[in-house]
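Encoded as C-alpha cells, the structure appears first; notes follow it.
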Amino acid sequence: MRGVYVCVFSTTLFLTCVHGNFILPYFCIKYRNVMDNKFTTEIAKSVVECLKVKYDLDVIPESLLFNETRKEFEGDYTLVIFPLLKLTKSNPNDLGAILGEAVVNEIEFVESYNLIKGFLNFKLNASVWFEEYISFTTKESFYSESSGKKTIVEFSSPNTNKPLHLGHARNILLGWSCSNILEAAGHEVVRTQIVNDRGIAICKSMLAWQLFGNGETPESTGTKSDHFVGKYYVLFEQAFKTEYITWQAGETARSIYENRPNKEQVEADFFKSYKNKYFNEYSPLGAQAKKMLLDWEAGLDSVIDLWKKMNSWVYAGFEQTYDQLGVSFDSYYYESETYKLGKDIIEEGVTREIFYKKADGSVWIDLESEGLDHKLVLRSDGTSVYMTQDIGTARKRYEDTEANGMVYVVADEQDYHFQALFAILKRLGEPYHEDLFHLSYGMVDLPTGRMKSREGKVVDADDLVQEVIDEARKNAVERGEIEDASADEREEIYNKIGMAALKFFILKVNPKKRMIFNPEESVDMQGTTGPYIQNAYVRIQSINRKAGDLDLTVGKSYTKLEDIELDIIKKLTSYTKQIQASAEQFDPSLLTNFCYELAKAYHKFYNDVRILGAESEGAKAFRVNLGNQVARVLKHGFGLIGIEMPNRM
RNA sequence: GGCCUCGUAGCUCAGCUGGAUAGAGCAACAGACUUCUAAUCUGUAGGUCCCAGGUUCGAAUCCUGGCGGGGUCACCA
C-alpha cells in the first residue's frame with residue numbers, strides 16, 4: 001500500500017558510491033558543460049581558437065565555464081578565466097584582454113567586453129536580443145518534439161477507508177504537474193494510480209458501518225461520500241479503543257501485564273505497545289474485522305457486496321476532490337486485482353537463479369552488490385508481499401501500455417523499497433528498467449509538528465480547498481474589482497484564485513524537501529504566491545482591453561530596449577529550456593519559480609514604464625506585445641503546473 | 001546502532017550542480033495610486049550559510065569528522 005501516511009519523513013537518492021582516485025592529466029581542466037546556448041557556444045569557439053593561436057593550447061569548448069552575468073555588472077555572459085591562468089601562464093588582466101579583444105573582433109553579435117577580477121563579461125548587441133524576441137513571438141507551440149518515450153506516472157494512490165488529506169494533495173499536485181511537464185518535454189504520458197482497496201483497514205470501516213450504521217448512507221445524511229466512509233473508520237477506532245481500555249481492567253490483561261518481559265515499563269507504555277497484539281488475539285472487534293477480511297478473500301457474496309458499496313462511495317467522493325483539484329487519470333489499478341500478481345515472475349526468477357529459496361520455502365533476493373541487503377519476495381506460505389505485487393504490477397503496466405518508463409510519486413519514507421524494487425526489475429532484465437524513477441517527496445508538516453491522524457491533527461484536502469476559496473472571495477470582495485461580473489463568473493474567479501494560492505504554495509517547494517505547511521500562509525495572496533502571478537496576467541488582459549486594435553507590427557521598429565524589457569526578453573526566450581530542466585529533474589518547483597520571476601519582472605516593468613502612454617507608437621506596440629508574450633508564457637506555464645488564469649480579479 | 005537524508009535572515013523558501021559583494025517573499029519600519037487593476041512597486045533593517053578540519057586560484061555547494069532534526073532497517077503495506 002502506497003498510502004500517503006500521516007507521519008513524516010525526509011528524502012531521496014542514496015547512492016553507495018565507491019570513490020576511486022583518478023589522476024587527471026595536469027592540463028585537463030575541470031569539465032563542465034557550456035551553458036546550453038547558441039551565443040556562448042559561439043563565444044567558446046572563438047576563445048578556443050584564440051587560445052590555440054596565441055598560446056598553442058588545445059582546449060575543448062565544453063571545458064570553458066560560462067555564467068550569466070550578474071546583475072551588478074554590465075554584460076550578458078561571463079567567462080570565468082581563472083582555470084585558464086595556469087595553462088597560459090598568464091595573469092587575469094592580460095589573458096582577459098586578449099580573449100576579450102579576440103571575441104569582440106571576431107564575433108559580430110558581441111558588442112563589447114569588460115574585465116573584472118578574472119571575470120570576462122561579454123555584452124551582446126541589443127538587436128540580437130530583439131531578433132531573439134521576434135523569433136520567439138512566432139513560435140506557435142512550447143511543446144517539444146516527440147521524444148518517442150512513453151512514461152507511466154503513478155500518483156495519488158489512496159486508501160479507500162478515509163478521505164484525502166494534505167499529504168495526498170502534495171502527491172496529487174506533484175504527479176499531475178510532473179505529468180504535464182513531461183508531456184511538454186515531448187513524452188507521451190499515462191496517468192495512473194494504484195488504489196489500495198483491500199485489507200484490514202477497509203474491513204474496519206465496513207464492520208463499523210454494519211454495526212453502527214443503521215443503514216444510513218451518504219445521501220440520507222447529506223455527507224460527502226468519502227467523508228461518510230471515513231467517519232465509520234473513525235467510529236471503529238473509537239469503539240476499539242473503548243473496548244481495549246475496558247479489557248485492560250480485566251484479569252487476563254492484569255496477568256499479562258504482571259508478566260511483562262520488561263519490568264521497567266510503565267503500564268501506559270506497555271498497553272500502548274501491546275495494542276496490536278490485543279487486536280489480533282483478544283479483541284472481539286478485531287476478530288470480527290479479521291473474519292471479514294477472510295470472508296472477503298474467500299469471496300463471500302455478502303461481504304463483497306458491502307465492500308463494493310462502500311468503495312463506490314469512496315470513489316465518488318474522491319472523484320469530486322479530483323475534479324476540484326483539476327486532475328484526472330487515464331487508468332486505475334486496484335490492489336484487489338493486483339495483489340496476487342508477480343508470483344509467476346518470482347517462480348521464473350528462481351529458475352533463472354535471480355532469486356533463491358530458503359529451506360522454509362520463502363523466496364529472497366540478494367541485493368548486497370547494490371549496497372542493499374537480502375529482500376523477501378515471497379513468504380514461506382507462498383503468499384505475496386508488497387514487493388511481489390509491485391514487480392507484477394510493473395510488468396502488467398508495461399504489457400498494458402508498452403511504456404518504456406515509469407515514475408512513481410510516493411513519499412520518501414519508501415525510498416528503500418523503491419531502490420530495491422528498481423534493483424530487482426533490473427536483475428530481471430525488464431525492458432523498461434533503465435527509465436524508472438521514484439519521485440520521492442518529503443512529508444508535509446504543520447507548524448505545530450507532524451500531522452497525526454490518531455490525534456485528529458490532519459488537514460483534510462476538501463476543507464483546505466474550501467478555506468482558500470473563501471479567503472479568495474473575502475479578498476476579492478474587499479477589492480471590489482469584479483463587482484459587475486455575474487455571480488457565476490465571480491465564483492469561478494474566486495475558485496481560480498483560491499486554487500492558485502493553494503497549488504502554488506505546495507508546488508513552489510522543491511519536492512525532495514520536507515515542507516512546513518502553514519495554513520495561514522497558504523491562503524496568503526501577496527508576495528511569492530499564485531495570485532501574484534495571476535495578477536500579472538490580469539494586468540496584461542486589462543491593458544489589452546484598453547489598447548483596442550493596435551498595429552503590433554510597428555513595434556518591430558522599436559529597438560531601444562529598456563533594461564527591464566531586455567530582462568523580460570531574456571526570461572521569455574529561456575522558457576522552453578526551463579521546461580526541459582523541470583522535466584529532467586522531475587521538479588515542478590523550477591517552473592513555479594520561473595513563473596514567479598517572470599511575473600515579478602512584468603510587475604516591475606508595469607510600474608517603471610508607461611505602456612499605453614508610451615513615448616512612441618512603436619514603443620507602445622512593442623510593450624503591449626511584450627505583455628502578450630508574458631501572458632502567453634505565464635498561462636502556459638501555469639497550465640503545466642495545473643493552475644488556471646482568470647481574465648480579471 | 002547500520003544506512004539514507006536535511007541543516008541558508010525571526011518565519012517560509014531560492015541559490016542555475018565549484019565562481020564576483022549569499023538572494024526572494026512574509027513579518028517590521030519608511031515611501032509611491034487625480035494617470036494602464038496598489039493582490040503592485042521602491043527603500044531601510046535583518047547572515048558565524050550548524051560546528052571543525054581538508055581539497056582548490058576560489059566552498060553555502062565537493063571530501064572527512066562531529067552536533068542537531070527526520071526517515072529507514074518486518075514472512076506490514
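In what follows, chains are A, B, ... by sequence order, proteins preceding strands, each numbered from 1. Everything numeric here is computed off the predicted structure, so don't read it as measured data. FYI, side chains are in, hydrogens and waters are out, and symmetry mates aren't considered; it's all heavy atoms of this structure.
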Practice item. Taking the side chain as every heavy atom from C-beta outward, state whether A:M499 and A:E644 have any pair of such atoms under 4.5 Å apart. Key: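 No, every pair of side-chain atoms sits at 4.5 Å or beyond.
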
Quick check on [N]: is either OP1 or OP2 less than 4.0 Å from any side-chain nitrogen or oxygen of [X]?
X: A:K117; N: B:G58; value: no
X: A:R70; N: B:A22; value: no
X: A:K513; N: B:A14; value: yes
X: A:Y339; N: B:C76; value: no
X: A:R539; N: B:A39; value: no

Exercise for review: With sequence neighbours excluded, tell me which residues meet ring-ring contact (aromatic ring centres under 6.0 Å, His included) with A:Y278.
Suggested key: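 Here the qualifying residues are A:F240, A:Y244, A:W247.
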
Practice item. With the side chain of A:P83 defined as its heavy atoms from C-beta on, choose the nearest nucleotide among B:A20, B:G19, B:U40. Key: B:G19

Check your understanding: Heavy atom of residues 592-611 of chain A under 4.0 Å from RNA chain B: which residues?
Key -> A:Y596, A:K600, A:H603, A:K604, A:Y606, A:N607, A:V609, A:R610, A:I611

Review point. Closer to the 5' end of RNA chain B via nearest nucleotide, is it A:L120 or A:R648?
Key: A:L120

Review point. Of A:V80 and A:V385, whose closest RNA chain B nucleotide lies nearer the 5' terminus?
Key: A:V80

Which is true for [X] with a 4.0 Å heavy-atom rule: it touches a base, it touches only sugar-phosphate, or it touches nothing?
X: A:E481; value: base
X: A:T78; value: base
X: A:F119; value: base
X: A:M649; value: base

Check your understanding: So what's B:C16 paired with, Watson-Crick or G-U wobble, going by both distances under 3.5 Å?
Key ->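 Checking every strand shown, B:C16 finds no partner, since no pair has both distances under 3.5 Å.
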
Exercise for review: Could you please name the partner base of B:G2, counting Watson-Crick and G-U wobble pairs only when both distances are under 3.5 Å?
Suggested key: B:U72

Practice item. Taking salt bridge (Lys or Arg N to Asp or Glu O under 4.0 Å) as the test, write out the residues that go with A:E337, two or more places apart. Key: none

